Asker: 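Once you've had a glance at the structure underneath, I'll fire off some questions.
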Amino acid sequence: MRPVLSPEEMRAVEAAAMTSGRVTGAELMLRAGAGVVAAVEGRWSALAAGGGRAVVLAGRGNNGGDGYVIARLLREKGWSVAIHALGEPATKDAAAMREDWGAPVLELEALDGAALDGAELVVDALFGTGLTRPLAPAVSGALRLAQEAGVRLVAVDILSGLSAETGQVLSEAPFVERPADLTVTFQAPKLGHVLTPGARLTGPLEVVDIGLGAWLGEALEGWQVVQLTGPGGAQDKVQGHKYDHGHALVFAGGVGRGGAGRLAARSALRIGAGAVTLAPTPGALQENAAALDAVMLRAVAGVEAAEALLEDSRLNALCLGPGCGVARAAEILPVLARSGRALVLDADALTALAEEPARLGDAGPRSVLTPHPGEFARLFPDLGEALKAGRSKLEVTREAAARIGAVVLLKGPDTVIAAPDGRAAINDAGGQGAVPWLATAGAGDVLAGFVTGLLARGWPPFEAAAHATWLHTACARSFGPGLIAEDLAEELPKVLRRLASGESA
Ligand SMILES: NC(=O)C1=CN([C@@H]2O[C@H](COP(=O)(O)OP(=O)(O)OC[C@H]3O[C@@H](n4cnc5c(N)ncnc54)[C@H](OP(=O)(O)O)[C@@H]3O)[C@@H](O)[C@H]2O)[C@@H](O)CC1
Ligand SMILES: [K+]
């Protein structure tokens, strides 16, 4: 896990550093600019020799200030550099860097095909974390021109036009659809780099240390958002009896509707639950028996049978929803909510909950809800609307979690997992490590099973949801194209083995 910062948090870190008197804004800007040049040379070794042509697009704020530093450093390395600026620098530090550049600066409007002809590099230093409103067409037009000219586009801090807060595009005119060829950010990734569509448009992301590490922790006392980067220890299992690793109970539906529940059950077993029982309707017992071996079976007709089954105190994590049918989920949910067990609610159980929120009782603190955006909008209509209108996915998921008092896992290429206390994790699978083949029938049932399995192993809801999500993506990445839901859980042993031996997933 690594911290992901909002623009406001980044400003707080910067302010703490400057207040300490140990570093100035100008020094940070020089480090930022030098970091970008080093990152460019590191990525394209042929450019390190210098001597090429570069175009720097500079805004009026400190992002533009970084641009002036980059222009000067490239010139010192023998590059021929033209700067096209939005206007005179509006901050003290940027003005100082403009001064150090000491040569003429062209207007942004003067950027045309001829200006880009033969260039090897375009540096986008128009807007960074200070972007607060949509780009004017002249600005997005300049970026589009650079991309259409096929020149390498390097974004300083974040591609101009992306909100560092939400990852949404802020642009009056249609925005470039191609990712930057490189984005170089400072000290830590920002939310706009990991939330979609920002994650995709960011392209390869380099994080440059500009010496603010000492102030990260101090300024971010309340900081609570992380990007998931690993399995959180799921690959390690301590020695013990099977029931030391918990017993998961997955409810399934009726005749001909068992597939989703079976996928979830098998996934819970694969991720390390000591035992897993699947509970279909009595009529569907036979067909499930024909399809299962290690997963045990118990028929559950309705409320009474569910209550009787839950007298077995070893059953410690429950999953309701996949393939269950809304009526059955609605009937059984209150029993499970009263049972005191950890609970995963997916699919039909979410619809049943949307119909009647009181069905969750006081089980919130033990529960994980795993909606896709449609289910999310049914559960929280106003938040679903806000999401569609461009509000931050992180913020709406957090608000939903706080409202319902449970962990909410909102699926997507940028899955956000939020706890009622404000903690949140983002699983960025929309950018460089994208796994488009994960959008396949049944993948959600597997995720529900993974979460249930970790809950059975005794993991707290937030950690179980977050790391199950990371592993789910890791399995899809490991398997690759052609993936179907059945493959996910079967890929997990390979992924866990690699992680246990210290390799990457
Ligand atoms: N934090 C750090 O530690 C470090 C930060 N550094 C660098 O500073 C960058 C942040 O700089 P920044 O705060 O000056 O903001 P920036 O993005 O340059 O925008 C400038 C101004 O533009 C305005 N504006 C907004 N939207 C607009 C629009 N659509 N069209 C027109 N104008 C618009 C808005 O002002 P407003 O008009 O709202 O008053 C905004 O303030 C950061 O990304 C990084 O590159 C590094 O140097 C090293 C250390
Ligand atoms: K930028």
Side-chain angles (χ1 to χ4, degrees), residues 5-20 22-36 39 56-70 84-98 108 122-143 146 153-165 168-173 175-176 179-193 198 201-203 205-216 219-220:
L5 307 187
S6 69
E8 190 187 335
E9 287 166 333
M10 186 64 197
R11 279 191 286 274
V13 173
E14 188 191 24
M18 282 164 40
T19 309
S20 77
R22 280 157 57 194
V23 66
T24 65
E27 280 164 348
L28 290 176
M29 199 171 268
L30 290 170
R31 290 178 200 168
V36 173
V56 176
L57 310 178
R60 300 186 59 213
N62 288 334
N63 197 248
D66 297 345
Y68 288 107
V69 175
I70 294 162
H84 289 259
L86 259 177
E88 286 302 311
T91 72
K92 176 173 69 66
D93 293 332
M97 300 307 156
R98 161 75 182 87
L108 192 66
V122 173
V123 177
D124 158 30
L126 289 163
F127 294 102
T129 50
L131 185 79
T132 48
R133 44 187 195 279
L135 290 184
V139 181
S140 52
L143 286 171
L153 181 68
V154 174
V156 178
D157 207 1
I158 189 162
L159 183 65
S160 300
L162 286 179
S163 160
E165 175 85 44
Q168 296 288 330
V169 169
L170 297 177
S171 176
E172 288 171 13
F175 191 67
V176 288
D181 296 293
L182 176 66
T183 293
V184 186
T185 194
F186 311 116
Q187 210 61 47
K190 312 300 175 306
L191 293 168
H193 297 130
L201 292 170
T202 289
L205 178 68
E206 291 250 359
V207 182
V208 169
D209 186 341
I210 55 169
L212 292 175
W215 291 279
L216 259 185
L220 300 181

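All figures in this text were calculated on a predicted structure; none of them were measured in a lab. Start at 1 and go down the list; that is how both ligands and their atoms are numbered. Count residues from 1 along the sequence.
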Asker: Is Ile158 in contact with ligand 1, taking contact as a heavy-atom separation below 4.0 Å?
Answerer: no
Asker: For Arg11 and ligand 1, answer yes if some heavy atom of the residue is under 4.0 Å from a ligand atom, otherwise no.
Answerer: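 In this structure, Arg11 fails to qualify as a contact of ligand 1 - no heavy atom is under 4.0 Å.
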Asker: My understanding is that only residues two or more places apart in sequence, or in another chain, count here; which of them pass side chain to side chain contact (heavy atoms under 4.5 Å, CB included) with Leu30?
Answerer: Val69, Arg72, Met97
Asker: How is the N/O/S atom of Asp124 that comes nearest to the K ion (ligand 2) named?
Answerer: O
Asker: If you measure from each heavy atom of Leu212 to ligand 1, is any distance below 4.0 Å?
Answerer: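 Checking ligand 1 against Leu212, which is what was asked, there is a heavy-atom contact under 4.0 Å.
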Asker: Who are the side chain to side chain contact (heavy atoms under 4.5 Å, CB included) partners of Pro179, not counting sequence neighbours?
Answerer: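 Counting only residues at least two positions away or on another chain, Pro179 forms no side chain to side chain contact (heavy atoms under 4.5 Å, CB included).
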Asker: Counting heavy atoms only, which part of Asn63 comes closer than 4.0 Å to ligand 1: side chain, backbone, both or neither?
Answerer: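 It is both parts that get close, each with some atom under 4.0 Å.
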Asker: Please state which part of Pro134 comes within less than 4.0 Å of ligand 1, counting heavy atoms only: side chain, backbone, both or neither.
Answerer: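 The answer is the backbone of Pro134.
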Asker: Under 4.0 Å from ligand 1, counting heavy atoms only, is it the side chain of Leu86, its backbone, both or neither?
Answerer: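 No part of Leu86 comes within reach of ligand 1.
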Asker: Is any side-chain N of the basic residue among Lys190 and Asp157 closer than 4.0 Å to the acidic one's carboxylate O?
Answerer: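 Looking at Lys190 and Asp157, the cut-off is met.
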Asker: Sub-3.5 Å donor-acceptor pair from the side chain of His193 to the main-chain atoms of Thr185, do we have one?
Answerer: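 Side chain of His193 to backbone of Thr185, a donor-acceptor pair under 3.5 Å: no, none is there.
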Asker: Please compare Asp66, Asn62, Thr132, Val23 and report which has the shortest non-hydrogen distance to atom 46 (C) of ligand 1.
Answerer: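 Nearest heavy atom to atom 46 (C) of ligand 1 lies in Asp66.
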Asker: Determine, using heavy atoms of Arg133 and all atoms of ligand 1, whether some pair is separated by less than 4.0 Å.
Answerer: yes
Asker: Counting only heavy atoms closer than 4.0 Å, does ligand 1 sit against the backbone of Leu131, its side chain, both, or neither?
Answerer: both
Asker: Kindly report the O-the K ion (ligand 2)-OG angle for Val156 and Ser160 respectively, rounded to 10°.
Answerer: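 Answer comes to 170°, rounded to 10°.
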Asker: Looking at the K ion (ligand 2), is there an N, O or S atom belonging to Ile158 that lies under 3.4 Å away from it?
Answerer: yes
